[in-house]
Amino acid sequence: MGSGQWLMEKRSSFRSDSFSKEFENVPETGCLSIIVLGASGDLAKKKTFPALFNLYRQGFLQSNEVHIFGYARTKISDDELRSRISGYLCKDASTGHSEDVSKFLQLIKYVSGSYDTEEGFQLLDKEISEHELAKNSAEGSSRRLFYFALPPSVYPVVCKMIKKCCMNKSDLGGWTRIVVEKPFGKDLESSERLSAQIGELFEEPQIYRIDHYLGKELVQNMLVLRFANRLFLPLWNRDNIANVQIVFREDFGTEGRGGYFDEYGIIRDIIQNHLLQVLCLVAMEKPVSLKPEHIRDEKVKVLQSVLPIKDEEVVLGQYQGYRDDPTVPDHSNTPTFATVVLHIHNERWEGVPFILKAGKALNSRKAEIRVQFKDVPGDIFKCKKQGRNEFVIRLQPSEAIYMKLTVKQPGLEMSTAQSELDLSYRQRYQGLPFRRLMSA
Ligand SMILES: NC(=O)C1=CN([C@@H]2O[C@H](COP(=O)(O)OP(=O)(O)OC[C@H]3O[C@@H](n4cnc5c(N)ncnc54)[C@H](OP(=O)(O)O)[C@@H]3O)[C@@H](O)[C@H]2O)C=CC1
Ligand SMILES: O=C1O[C@H](COP(=O)(O)O)[C@@H](O)[C@H](O)[C@H]1O
């Protein structure tokens, strides 16, 4: 993808006839409006705006064609929104990007309105149209991307409002698309209902479901590690692996996010989406190709092989002080910590526990995959004392892949010690932009 260019992907397998015209490979020339719904919230400030900033800084968003709109109920001015997010844009401020930051902030405008009445969305539409007009974008060529940084409970009504008030014409390569966040519903029934509600308003190629863990460098690396290295092929199974631990820890609590979090809890917030996606990549068979459909098919097979979870293999907890957050109801029993053991009933994984753990307000921030191998049979070195072989993929912070091995303790004696083969990304890939693109 060249600087400032957008690749328009044909998703033919999802395409319906009535919609095919819009998704032909027509060159995109019109201006682009990115609308962040829920702009006052946590996701918007910590991830969405910083990710947009990184795209801007690397030339993927051009100031002459892009405008960014924040939309939420909170009544704040453009400048107030800008100052809320500016501190999150450039964590490495020492590298001096203040000029880029202020140019980027000038692309942002804020519109306040509710999620369930037309008034606010009509105002939003007016602001977007004015921007399109100012950029001389031909009618039918402009692009509108609505990013839902919102609790899923409001997705259906927001979709309705967009459909009613904010659609643009698309006959000259323009489009209107939506990006929806996880969790996609609360259970099977609500998820299917949500799909049906959104599906009534938008065609599949207009809907993008996002799980930002799939954008993390080391999550993406799982496919390569597993299927491009001969080393792992014979080892990656129940004969050699004792257990797999997939862990997410955060060292901060909800901090004002009770409006979203308390309704969902840690299982729906982290385990059902981020950690299950990671589990699928660890456990799935080699896909036929890297096509999304082929990868999805293998993931689905893993999920279908997971046995029902036993109560005694679940631990739930809530951190002390959670209910002191004013956005959390006083008597909430929403879990902020959970451990769940999953068993995959197939030829490769029978008998290998997959231990998924996620918690907020813990003593450290870390996300990792830890594959623990079985003990060496017929051990002559008393290796057990040192601990087992482990293959660890640290997703964050400080991305790394390391292997814990038993080695000879240097010296005259034949004694053993545990050591590591360590691929730390900070050292090995200094200066590469993967962190800035992916890990916002
Ligand atoms: N925070 C994060 O790091 C991440 C969050 N997500 C996902 O993003 C979505 C939003 O999460 P997050 O930004 O953290 O949540 P917030 O609680 O910060 O909510 C975002 C905004 O939505 C509005 N809002 C909050 N609660 C309600 C409600 N009950 N009804 C209507 N509007 C409400 C508020 O805006 P206002 O009142 O101004 O309208 C708020 O600023 C969730 O689906 C979450 O799973 C995904 C990845 C990371
Ligand atoms: O989806 C979410 O993810 C964040 C953690 O994301 P990370 O990339 O910083 O690990 C979490 O704080 C939030 O509760 C959740 O909604």
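As the structure lists them, so they are numbered: ligands from 1, and atoms in each ligand from 1. Just so you know, these numbers come straight off a predicted model, no measurement behind them.
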H274 neighbourhood, listing ligand 2 atoms whose heavy-atom distance to it stays under 4.0 Å: 1 (O), 2 (C), 3 (O)
Using a strict 4.0 Å threshold on nitrogen-to-oxygen distance, state whether E312 and K310 make a salt bridge. no
Check R226 against M284 and note the closest heavy-atom contact, atom names and distance. NH1-O, 2.7 Å
Is the shortest distance from a Lys or Arg side-chain nitrogen in D422 or R394 to a carboxylate oxygen in the other one below 4.0 Å? no
Would Y213 count as being in polar contact with ligand 2, using the rule that some N or O on each side must be under 3.5 angstrom apart? yes
Residue part near ligand 1, for S153, under 4.0 Å between non-hydrogen atoms: neither
Measuring from non-hydrogen atoms of K182 to any atom of ligand 1, is the shortest distance under 4.0 Å? yes
Quick check on contacts: which atoms of ligand 2 are under 4.0 angstrom from a heavy atom of E250? 4 (C), 5 (C), 11 (C), 12 (O)
So, does F261 sit close enough to ligand 2 that a heavy atom of it is under 4.0 Å from the ligand? no
Min heavy-atom dist K46 to ligand 2 below 4.0 Å: no
Mark up the atoms of ligand 2 that fall under 4.0 Å of a heavy atom belonging to D269, in ascending order. 13 (C), 14 (O), 15 (C), 16 (O)
Flag the pair P151 / E263 as yes when at least one side-chain heavy-atom distance between them is below 4.5 Å, and no otherwise. no
Does even one non-hydrogen atom of K360 get within less than 4.0 Å of ligand 2? yes
Could you point out which residue of I34, L43, I85, N54 forms a side-chain contact (heavy atoms from CB on, under 4.5 Å) with F49? I85
Measuring from atom 9 (C) of ligand 1, which candidate in D269, L150, D211 has the nearest non-hydrogen atom? L150
Is there a heavy atom of Y213 sitting under 4.0 angstrom from any atom of ligand 1? no
NZ/NE/NH1/NH2 to OD/OE distance under 4.0 Å, R177 and E203: no
Closest heavy-atom pair, P156 versus Q197, reported as atoms and distance to 0.1 Å, is CG-OE1, 3.2 Å
Is a salt bridge present between E118 and K164, judged by a nitrogen-to-oxygen distance below 4.0 Å? yes
Distance filter under 4.0 Å to T74 heavy atoms, resulting ligand 1 atoms: 36 (P), 37 (O), 38 (O)
Can you list the atoms of ligand 2 that are under 4.0 Å from a heavy atom of R365? 9 (O)
Which option wins on minimum heavy-atom distance to atom 3 (O) of ligand 2: K47, H212, E181? H212
What atoms in ligand 1 come closer than 4.0 Å to a heavy atom of H212? 47 (C), 48 (C)
Is the closest basic N to carboxylate O distance between R193 and E189 below 4.0 Å? yes
Checking a contact table here: which protein heavy atom is nearest atom 48 (C) of ligand 1, and how many Å away? L43 CD1, 3.5 Å
Is the F121 to Y71 ring centre distance short of 6.0 Å? yes
I'd like the name of whichever of L37, V180, D42 reaches closest to atom 1 (N) of ligand 1 through any heavy atom. D42
